[in-house]
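Computed from a predicted structure; not experimentally measured. Nothing fancy with the numbering, it's 1 onward along the sequence.
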Amino acid sequence: MSTRIAFLKGHGTENDFVIVPDPENAIDLPPAAVAALCDRRAGIGGDGLLHVVRSAAHPEAEGMAAEAEWFMDYRNGDGSIAEMCGNGVRVFARYLQRAGHVTEGDLAVATRGGVKTVHLAKNGDVTVGMGRAVLPDGDVTVSVGGRSWPARNVNMGNPHAVAFVDDLAHAGDLLSPPPFSPAAAYPDGVNVEFVADRGPGHVALRVHERGSGETRSCGTGACAVAVATARRDGADPTATGTPVTYTVDVPGGTLVITERPDGEIEMTGPAVIVAEGEIDADWLEAATSA
C-alpha cells in the first residue's frame, strides 16, 4: 500500500461523502476502513463513501462497462454496501467533471442499481435519471415512540417506506431505525421517510437512511416521496400521459423530482466538491485493525 491515498470531500444538499478515486480498483476498502473514514470525529466524516472505479476493473460492474465507463461503488457510513444513492451519483459526476474525465452534458454511471444517466448543466445543477419506481403490494406501518403511521412501500433500486405526518417533529430524533412491520416487507432493512405538505406540488421530508442514521438529504428517498405523494394525490403519469413534478425540501436544501409518462424519474439538484487531500495509509490500516 502506498504511504498516502488521495481523497475528496463532497456533498449534495448536505448529504456528504468521502470520495476515493481508484480507477483500477487497487485499494482495499473493507467495511471497517469505510466506517473509519466516515467517522465524524476520528475520521474524515461522511454519510457514505464514493469509491470511484472504472467499470471494467470491478467484478460487480464489468458487465456494464460497455454502457458506462465509471462505476460508483457506494458504501454506507457504517461500511455496508448499498444499491444506489441519488445524491451520491450527482457528487460522483461532479468529481468526474472536476478530474477531467467528463465535461458538461450527458454521461452514464454504473451503480449496483443499474446504469444511471446523468446530465451536468452549465448552471451547476446535476440531473440524474433515477429509473422507475416499483410499488410493492402490501400494507406497511412505521412507528416512532407511541405513534404509528401507514407507509407506502416504494423501491428505487433500494427500499423505502414513506409515511405522511402532520409535523416532521413527529419523527423524533431518528437516532435509531424506526420500527416497521411486517418484518418480511424489508428483509434487508429500509430507508424511512417522514413527509409533511408545504403546498401544491411541494413537500418536505426527514429521513432515516439504513446504515447511516438521519441524513441531511436522500436522493432516492426524495424520488420515493415524490412518487408516493403523486399516488396519494391521485396522479400517475404512466396512466395520464402527463408528467408530475414535486419540489422536495430536505434538511440540507431542495431537490426537484419529475416523474415522466414513461415512468422514468429525474432528480435535479446541486453537487459540490469542498475539499481534497490525502489519507494516511498507516492510520487507515491501524483504524481498520482496531
Side-chain angles (χ1 to χ4, degrees), residues 76 80 82-86 112-114 130-215 217-240 242 244-251 255 257-265 267:
N76 293 314
S80 60
E83 299 93 336
M84 241 299 280
C85 176
R112 290 185 178 86
M130 299 290 287
R132 293 174 171 83
V134 176
L135 302 173
D137 292 329
D139 296 330
V140 176
T141 300
V142 298
S143 304
V144 173
R147 293 186 174 96
S148 295
W149 302 269
R152 189 69 186 250
N153 189 348
V154 183
N155 194 292
M156 286 297 309
N158 56 0
H160 297 268
V162 180
F164 293 93
V165 298
D166 294 328
D167 189 329
L168 292 180
H170 291 169
D173 58 27
L174 291 183
L175 295 176
S176 57
F180 62 85
S181 64
Y186 304 109
D188 299 316
V190 64
N191 304 286
V192 181
E193 286 81 25
F194 297 89
V195 186
D197 288 298
R198 291 291 184 258
H202 189 182
V203 296
L205 70 79
R206 288 178 62 198
V207 57
H208 184 284
E209 289 194 64
R210 58 176 182 169
S212 296
E214 182 174 14
T215 60
S217 181
C218 177
T220 56
C223 294
V225 164
V227 171
T229 305
R231 300 303 182 273
R232 182 204 64 177
D233 294 344
D236 183 352
T238 62
T240 64
T242 302
V244 175
T245 297
Y246 283 89
T247 297
V248 181
D249 293 339
V250 297
L255 297 167
I257 313 297
T258 297
E259 186 179 9
R260 303 189 327 216
D262 63 1
E264 289 291 322
I265 297 168
M267 174 186 64

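Interatomic distance, Asn191 CG to Asn76 CG, rounded to the nearest 0.5 Å: 8.0 Å. Atom CE in Met84 sits 6.5 Å away from atom OG1 in Thr220 (nearest 0.5 Å).
The side-chain heavy atoms of Arg210 and Ser80, taken from C-beta on, include no pair separated by under 4.5 Å. Two residues are said to be in side-chain contact when any heavy atoms from C-beta on lie closer than 4.5 Å; Arg152 and Val140 fail this criterion. Between Phe180 and Val192 the shortest side-chain heavy-atom distance does not fall below 4.5 Å. Contact check for Ile257 versus Met130: no side-chain heavy atoms found under the 4.5 Å cut-off.
Side-chain atoms of Asp167 come within 3.5 Å of backbone N or O of Ala169 as a donor-acceptor pair. Checked by atom type and distance alone, the side chain of Ser181 never pairs as donor or acceptor with a backbone atom of Ala183 at under 3.5 Å.
For the salt bridge (Lys or Arg N to Asp or Glu O under 4.0 Å) condition, the pairs that include at least one residue of residues 132-144, sequence neighbours left out, are Arg132-Glu264. Pairs engaging residues 136-179 under the ring-ring contact (aromatic ring centres under 6.0 Å, His included) rule: Trp149-Phe194 [sequence neighbours left out].
One finds no salt bridge joining Asp166 and Arg147 here, because no Lys/Arg side-chain nitrogen approaches an Asp/Glu carboxylate oxygen to under 4.0 Å.
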Which pairs would a plain distance check flag for residues 198-208, meaning a side-chain donor or acceptor within less than 3.5 Å of a matching protein atom at least two apart in sequence or in another chain?
unit_1: His202; atom_1: NE2; unit_2: Asp249; atom_2: OD1; d: 3.3
unit_1: His202; atom_1: NE2; unit_2: Asp249; atom_2: OD2; d: 2.7
unit_1: Arg206; atom_1: NE; unit_2: Glu214; atom_2: OE2; d: 2.8
unit_1: Arg206; atom_1: NH1; unit_2: Leu168; atom_2: O; d: 3.0
unit_1: Arg206; atom_1: NH1; unit_2: Gly172; atom_2: O; d: 3.0
unit_1: Arg206; atom_1: NH2; unit_2: Gly172; atom_2: O; d: 2.7
unit_1: Arg206; atom_1: NH2; unit_2: Glu214; atom_2: OE1; d: 3.0
unit_1: Arg206; atom_1: NH2; unit_2: Glu214; atom_2: OE2; d: 3.3

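Taking every heavy atom of both residues into account, Arg231 and Pro237 meet most closely at NH1-CD, 3.9 Å. Residues Val244 and Ala235 share a closest heavy-atom pair of CG2-CB, 3.9 Å. In this structure, Asn153 and Ala185 approach most closely via the heavy-atom pair ND2-O, 4.4 Å. Here the shortest heavy-atom pairing between Gly157 and Glu83 reads O-CB, 3.1 Å. When all heavy atoms of Val134 and Pro136 are compared, the pair lying nearest together is O-CD, 3.2 Å. Minimum heavy-atom separation, Cys223 to Met267: SG-CB, 4.0 Å.
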